[in-house]
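Here's the structure we're looking at; comments come further down.
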Amino acid sequence: MKEGLLTRDQLTKALQEQSQFPGQRLGLTVVKMGMVPETEVVRMLARQYRMPAVDLSRFEVDTRLLKLIPAELASKHTVLPLKRDGRQLTVAIADPTSMGVVDDLKFITRYDIVPVLAGEYSMRAAIEKHYEANEIQMQSLLQDIAADDDDVEVLETDADVNEANALAAQVDEAPVVKLINAILTNAVNKGASDIHFECFEHELRVRYRIDGALTEVMKPPLKMRAALISRFKIMASLNIAERRVPQDGRIKLKVGKKVIDFRVSSLPTLFGEKIVLRILDKGNLTLDLEKFGIEPRAERELMEAISNPYGMVLVTGPTGSGKTTTLYSALSKINTGDLNIMTAEDPVEYNLFGINQVQVRTEIGMTFAAALKAFLRQDPNVIMVGEIRDLETGSIAIKAALTGHMVMSTLHTNSAPETITRLLDMGLEPFNVASALNLILAQRLVRRICSSCKVKYEPDDAELIGAKVTRSTTLRDLRFTEEALENAKSRAQPDAVPFLTNLSLDTTIGELPFFKGHGCDACGGTGLKGRQGLYEVMFLTPPIKKLVMQNCDVQVLREGAINEGMLTLRMDGWLKVLKGVTTLEQVIRETSS
């Protein structure tokens with residue numbers, strides 16, 4: 001009224017109109033009634049509350065950011081994510097007095113929120129438009145593969161015919177078949193490693209694991225839940241009538257000219273079965289250790305260990321850290337045709353030519369231990385055991401390694417020295433472990449910096465404290481050797497080379513180059529794309545074997561191995577940071593000091 005934009009009569013009419021809609025703000029009412037342009041209302045509020053304002057009609061909403069704020073929250077509080085810049089998320093809000101929602105958004109998104117003011121009328125229209133667009137994302141995905149639908153074919157389906165026919169009317173409907181084909185082919189095209197199909201009380205959710213991180217891709221209609229689950233189970237030859245216990249199966253899908261294997265696991269949850277599919281695309285299988293990022297000395301020691309005619313090599317790490325791929329890479333190096341190589345796996349992930357692979361089936365007594373006993377009667381040179389889980393398997397593996405066979409296996413431990421303690425805890429004798437073991441390799445996977453948006457930056461004190469270093473900490477303090485630094489220089493990223501020219505053991509953390517991704521279309525705004533291995537290779541030299549025989553604890557073993565030139569996972573991570581391959585944040589997340 002002071003600005004002359006509204007008369008007292010108009011205000012009286014607006015208040016009468018507003019009284020019919022409890023909770024509706026007066027600003028929205030006068031805009032709806034056409035009394036004041038929305039831009040003028042926003043300008044007045046921005047001046048009053050000293051906040052920056054935006055005109056949504058001139059702003060392009062980034063639809064990829066919508067998944068950061070749930071539709072219900074966006075609609076309830078009238079908020080809309082507009083822009084992401086590093087750790088900052090710019091969010092448009094309609095009510096400048098509801099600052100409490102900013103704290104909620106910070107908690108939900110894990111970003112620092114920068115609120116800007118926008119017109120409520122435009123905001124509601126934008127929320128309706130863009131969040132509805134998210135709902136029909138499924139339809140657009142179906143249209144994307146409509147032309148290729150004839151190229152998708154399920155191979156080797158042996159589901160019970162009667163059960164399949166009983167659900168045929170529902171499960172074989174075109175929308176269900178097309179949706180699942182779309183989900184599977186889209187995941188393969190995006191390079192996903194896993195697909196998660198999850199059931200909740202009021203919605204379904206489909207997520208892909210890409211480069212180790214889960215990303216939501218769609219929310220199919222809840223009414224399709226039973227049909228989608230049954231379709232997955234029919235494709236994987238599972239019992240569609242059994243919904244109370246977990247089941248495992250496989251899908252072999254022909255996508256165009258490629259044949260892709262999917263390992264399927266169903267798990268009964270509170271609101272339906274959760275289906276997880278592991279994608280086994282042999283076309284994406286890389287068996288070159290150098291491309292994984294293993295350091296030259298570690299690679300040399302690993303090759304030496306597996307080239308021995310007998311002994312044991314163990315690869316350790318959590319699920320999904322690439323242990324099996326490392327073992328396959330090692331096997332491919334020695335698979336020259338003059339060796340009898342046998343593997344016992346649960347499950348067999350990739351078929352490798354020239355290697356005799358056996359599927360472990362515990363339910364019929366075909367355990368790792370049973371397979372190992374059978375292998376020893378098959379004149380083997382090299383034996384790979386999927387995992388040493390118990391004393392029996394460990395005892396047979398150790399005996400095989402001591403009687404002229406090369407044995408490779410995996411174990412779930414956090415570091416290479418802890419593997420020895422784990423074997424001794426199982427009940428194996430220290431002298432047998434020391435005699436049989438050639439090498440232990442612990443590994444992790446970290447995400448690589450996106451090459452398209454890579455920038456140099458200065459880490460803050462909080463990040464350095466998280467890494468347990470200060471700006472005055474030297475590389476000598478971190479226990480590095482001259483050899484490790486020379487290797488870092490030889491395999492550094494091009495943009496890091498100029499900074500590493502004068503690198504020495506006396507270089508401090510404050511002098512080092514640090515890189516991160518700023519966020520771009522190529523990496524989906526995360527600043528990270530692809531993955532890189534971190535390796536801790538413990539070669540069992542005579543001094544370390546002596547420590548094993550003395551049954552020393554983990555800390556003594558670790559110190560002995562570092563003195564012998566071993567790089568711990570954290571040290572190897574620091575080398576990857578120096579080389580401009582990954583971020584300090586990723587290394588801190590995946591390794592311990």
Would you say that [X] contacts [Y] through its side chain, given a criterion of any heavy-atom pair below 4.5 Å between the two side chains?
| X | Y | answer |
| --- | --- | --- |
| L475 | L512 | yes |
| S122 | V42 | no |
| R444 | N414 | yes |
| S266 | P246 | no |
| M33 | Q18 | no |
| V91 | H77 | no |

Taking distance alone, no hydrogens or angles, what donor-acceptor pairs closer than 3.5 Å link side-chain atoms of residues 104-115 to residues at least two apart or in another chain?
from	atom 1	to	atom 2	distance (Å)
T109	OG1	L105	O	2.7
T109	OG1	Y111	N	3.3
Y111	OH	R84	NH1	3.0

Any donor and acceptor pair, going by atom type alone, linking the side chain of [X] with main-chain N or O of [Y] inside 3.5 Å?
| X | Y | value |
| --- | --- | --- |
| K323 | P318 | yes |
| R225 | F271 | yes |
| S19 | Q16 | yes |
| D572 | L567 | no |

Open item on the list: Closer than 4.0 angstrom, basic N to acidic O: yes or no for E295 and K576?
Closed with: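 Between K576 and E295 there is a salt bridge, with a charged N closer than 4.0 Å to a carboxylate O.
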Open item on the list: Whether E17 and K32 form a salt bridge (side-chain N of Lys/Arg under 4.0 Å from carboxylate O of Asp/Glu) is what I want to check.
Closed with: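 Result for this pair is no, no salt bridge flagged.
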Open item on the list: So, using ring-ring contact (aromatic ring centres under 6.0 Å, His included) as the criterion, who are the partners of F197 when residues are at least two apart?
Closed with: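 Partners of F197 by the ring-ring contact (aromatic ring centres under 6.0 Å, His included) criterion, ordered by chain and then number, come out as F232.
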TODO: Sequence neighbours left out, what pairs pass side chain to side chain donor-acceptor pair (under 3.5 Å) with at least one residue falling in residues 523-532?
DONE: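 Residue pairs passing side chain to side chain donor-acceptor pair (under 3.5 Å), neighbours aside: R448-Q532.
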- [ ] Any pair with a residue in residues 454-467 that passes side chain to side chain donor-acceptor pair (under 3.5 Å), sequence neighbours left out, goes on the list, sorted by first then second residue, please.
- [x]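 Checked against side chain to side chain donor-acceptor pair (under 3.5 Å) - neighbours excluded - the pairs reaching residues 454-467 are K454-D495, Y457-E463, E458-R471, D461-R471.
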Task: side chain to side chain contact (heavy atoms under 4.5 Å, CB included) involving Y49 - partner list, sequence neighbours excluded - done: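 L45, M51, P96, T97.
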TODO: Please round to the nearest 0.5 Å and tell me the distance separating atom CH2 of W574 and atom CG of L584.
DONE: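 Interatomic distance, W574 CH2 to L584 CG, rounded to 0.5 Å: 4.5 Å.
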Task: Rounded distance [0.5 Å steps], CG in L445 versus CG in L534 - done: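 Answer rounded to 0.5 Å: 8.0 Å.
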TODO: Can you see which heavy atom on A92 is nearest to which on L82, and at what distance?
DONE: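 Taking A92 first and L82 second, the nearest heavy atoms are CB-CD1, 3.7 Å.
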TODO: For L179 and P220, work out which heavy atoms get closest and say how close.
DONE: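 Looks like CD2-CB, 4.0 Å.
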Task: Under 3.5 Å side-chain donor-acceptor pair for T583 and Q586 - done: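 Note: T583 and Q586 side chains miss the donor-acceptor criterion.
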Open item on the list: Can you confirm whether the side chains of D9 and T12 place a donor and an acceptor under 3.5 Å from each other?
Closed with: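 No pair is found: no donor N or O on one side chain lies under 3.5 Å from an acceptor on the other.
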Can you tell me if [X] has over 12 outside heavy atoms packed within less than 6.0 Å of its [atom1]?
| X | atom1 | answer |
| --- | --- | --- |
| R47 | CZ | yes |
| Y121 | OH | no |
| R50 | CZ | no |

- [ ] Please name all residues satisfying salt bridge (Lys or Arg N to Asp or Glu O under 4.0 Å) with E585, sequence neighbours left out, ordered by chain then number.
- [x]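 Per chain and number, E585 pairs via salt bridge (Lys or Arg N to Asp or Glu O under 4.0 Å) with R589.
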